[in-house]
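Working notes, structure below.
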Protein chains: 2
Amino acid sequence: MSEPEWRTVRPVRTHEQVLTQIQQKILDGRLRVGDRLPSERELGEALGVSRNSVREALRVLESMGILSAQVGSGRDAGSTVAGRSTAALSNLLRLHMALSQFSLEDLVDVRIELERLAVVRAAAGADVGDLERLRALTRAMAEPGMDYERFHELDSEFHIALTRASDNALATDLMQALRDAVKGEMIAAFRRVRDWEVMVSTLTEEHLAILRAVEAGDGKEAAELVTQHIKGFYAAVGDAPE
Amino acid sequence: MSEPEWRTVRPVRTHEQVLTQIQQKILDGRLRVGDRLPSERELGEALGVSRNSVREALRVLESMGILSAQVGSGRDAGSTVAGRSTAALSNLLRLHMALSQFSLEDLVDVRIELERLAVVRAAAGADVGDLERLRALTRAMAEPGMDYERFHELDSEFHIALTRASDNALATDLMQALRDAVKGEMIAAFRRVRDWEVMVSTLTEEHLAILRAVEAGDGKEAAELVTQHIKGFYAAVGDAPE
DNA sequence: GGTAGCCTGTGGTTGGACCATAAGCACTGG
DNA sequence: CCAGTGCTTATGGTCCAACCACAGGCTACC
């Protein structure tokens, strides 16, 4: 009979255990959007843990967009489970990009696939409001004297709206996060363009063509157009998209 | 001369300012992977802030996989900038799924697109090691007496390896996160399968076919196969993929 | 020369204190 | 009677001081 295999114990930090318990409640569905958590002091007492440890766990969840905290007293005070936060995802991707986890090229490839998915779905039947929004955006982009910042904003909105029209929340959030994460690079790329006016009108024309294909219900054509649109842009702004 | 417009002041929390400063250093490239931060005490003093506030910021960054902390003294002690953490992304997606931000259907659609991208890229030229790994996984899956948990693990590894063969780090991490996020649902789906043995052999056969297409350099065929593979599975386990 | 034990710097944790906020409540003056 | 004003209370936000466990380096002893 041999020595029983010793497993090295890993230190389990208190705030991580708090985090785990809260996360588990969310995963189990015992905590839903809108629910209110006990106060930091109560939670600490209930878990037999200091308020600081509780706070560290709550701050983490807050940074993930899972919780939101309000001071004061009454119904709305305290930590509540909050949904809808693309910001956390964007932030995460942006930081990981800065740490060179992902290359711009990787990101463009993923983006193309997401947009192809989006336009195919959108062409199959998009909401009227979404289409109207897309039309309004193309009109706005056609206005003269567009500066880099403003154009990027409209361009992003167009592509995000395109994804939203596909009725896929995950794809929409990912697209938003991706656009957000590369905002700086995009604007820098705009500056490198020789003839800005021409670029703006070219891109806007392509947007219009994509939109027309979607409205016509031609998903295949829209997918091709959107692919060329994105690839063409990156080819134009830098053969070496560093 | 009218009243100057009053702008409501937003409370700026200390730990958020700490967070912002560190993030900015990362985004500016002033902090890179492997760099070591000042100790919590020093950082607090340098920022004119309590150690608690510093800790809350550091814990948040740690939860995002950006930092890692080691106790003790010497070179390796303290907080260092760490790259490579898919766990944070998975966790974020899983929690948001639990809060019904994303439906399983959305996720499957995104997954299909990512895998199509992956196999096309992989077919165009995959690393020999990646292909060998994929072959090994198909062999492992063909072994008799596969239980749900084990099969899911191998299945996930196969699809992640497929993505890795495409040499797109973002797509790989997203795939890992997506698989991770739906692990529970997947195993539950496996349990619903009437003839498990048949399902295993069917899926494994399909894996082999996909792998063969990739090895043959036929990206288009591989993309079709992988799409059918995924759609087929979800159609089989539940007409209503709740 | 090796090693046991001390020293020091690190994150981990706790408890207590104080602040600003915001909601509810009671009192007060018209 | 009632409007307004302050008090009370519960909350998150912040800070401080202390202690612990850990890990590496150093030193003095054998």
Side-chain angles (χ1 to χ4, degrees), chain A residues 6-23 31 34-82 85 88, chain B residues 6-23 31 34-82 85 88:
Chain A
W6 294 106
R7 283 194 314 139
T8 62
V9 299
R10 245 200 331 151
V12 186
R13 293 133 90 195
T14 310
H15 79 263
E16 282 184 351
Q17 298 184 58
V18 177
L19 193 54
T20 305
Q21 285 208 34
I22 300 176
Q23 284 185 346
L31 274 178
D35 286 357
R36 193 179 145 192
L37 271 70
S39 76
E40 297 180 351
R41 291 170 176 87
E42 281 176 42
L43 208 44
E45 196 168 355
L47 295 167
V49 136
S50 81
R51 191 177 156 207
N52 263 338
S53 297
V54 172
R55 277 185 64 84
E56 286 178 14
L58 294 183
R59 279 337 115 219
V60 166
L61 288 168
E62 204 180 332
S63 80
M64 296 196 295
I66 304 291
L67 292 183
S68 102
Q70 286 85 31
V71 302
S73 114
R75 291 175 298 103
D76 297 337
S79 296
T80 54
V81 180
S85 169
Chain B
W6 294 106
R7 283 195 313 139
T8 62
V9 300
R10 242 198 334 147
V12 186
R13 301 184 299 182
T14 310
H15 78 264
E16 282 184 352
Q17 298 184 59
V18 178
L19 193 55
T20 305
Q21 285 206 35
I22 300 176
Q23 284 186 345
L31 273 179
D35 286 357
R36 192 178 144 190
L37 271 71
S39 77
E40 296 179 352
R41 290 169 178 85
E42 281 176 41
L43 208 44
E45 197 167 354
L47 295 166
V49 135
S50 81
R51 193 180 156 206
N52 259 338
S53 298
V54 173
R55 276 184 65 83
E56 286 179 15
L58 294 184
R59 282 333 117 222
V60 166
L61 288 168
E62 206 180 329
S63 80
M64 296 195 295
I66 303 291
L67 293 182
S68 102
Q70 285 84 33
V71 301
S73 106
R75 289 176 297 101
D76 297 337
S79 295
T80 54
V81 180
S85 170

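Proteins come first, then strands; the chains are lettered A, B, ... in the order of their sequence lines, and each starts at number 1. Keep in mind that the numbers below use all heavy atoms, side chains included, and drop hydrogens, waters and symmetry copies.
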Please identify each residue that fulfils side-chain contact (heavy atoms from CB on, under 4.5 Å) with [X], with sequence neighbours left out.
X	result
A:Gln17	A:Val12
A:Arg36	A:Thr80
A:Ser50	A:Asn52, A:Ser53
A:Glu45	none

d(A:Ser79 OG, A:Leu61 CG) to nearest 0.5 Å is 9.0 Å
Can you measure from OG1 (B:Thr14) to CG (B:Leu19) and round to the nearest 0.5 angstrom? 12.0 Å
Check step by step if side-chain contact (heavy atoms from CB on, under 4.5 Å) holds for B:Met64 and B:Gln23. CA-CA 11 Å; B:Met64 296 195 295; B:Gln23 284 186 345; 3.8 Å; yes
Heavy-atom nearest pair, A:Leu43 first then A:Pro38, reads CD1-CG, 3.9 Å
Sorted by chain and residue number, the side chain to side chain donor-acceptor pair (under 3.5 Å) partners of A:Ser68 (sequence neighbours excluded) come out as A:Gln70
How is B:Glu62 classified with respect to the nucleic acid when contacts are heavy atoms under 4.0 Å: base, sugar-phosphate, or nothing? nothing
Counterpart residues, salt bridge (Lys or Arg N to Asp or Glu O under 4.0 Å), relative to B:Arg13 (two or more places apart): A:Glu62, B:Glu16
Between which nucleotides of DNA chain D, read 5' to 3', does contact with chain B run, using atoms under 4.0 Å from its heavy atoms? D:dG13 to D:dG24
Between B:Arg59 and B:Glu40, does at least one N-O distance fall below 4.0 Å, as a salt bridge requires? yes
Enumerate the protein-to-nucleotides 2-7 of chain C contacts in which both atoms are nitrogen or oxygen and the separation is below 3.5 Å.
none

More 5' along DNA chain C: A:Glu56 or B:Gly78, using each one's nearest nucleotide? B:Gly78
What integer distance in Å separates A:Asn52:CG from C:dT13:P? 10 Å
Is the shortest side-chain N/O distance from B:Arg55 to OP1 or OP2 of C:dG12 below 4.0 Å? yes
Check whether any side-chain heavy atom of B:Leu31 lies under 4.5 Å from a side-chain heavy atom of B:Leu37, and answer yes or no. yes
Within residues 15-22 of chain A, which residues have any heavy atom lying less than 4.0 Å from an atom of DNA chain C? A:His15
How does each nucleotide of nucleotides 18-26 of chain C score, in 5' to 3' order, for protein heavy atoms under 4.0 Å: base (B), sugar-phosphate only (S), or none (-)? B--BBB---
Verify side-chain contact (heavy atoms from CB on, under 4.5 Å) between B:Leu58 and B:Ile22, making sure each step is shown before the conclusion. CA-CA 9 Å; B:Leu58 294 184; B:Ile22 300 176; 3.9 Å; yes
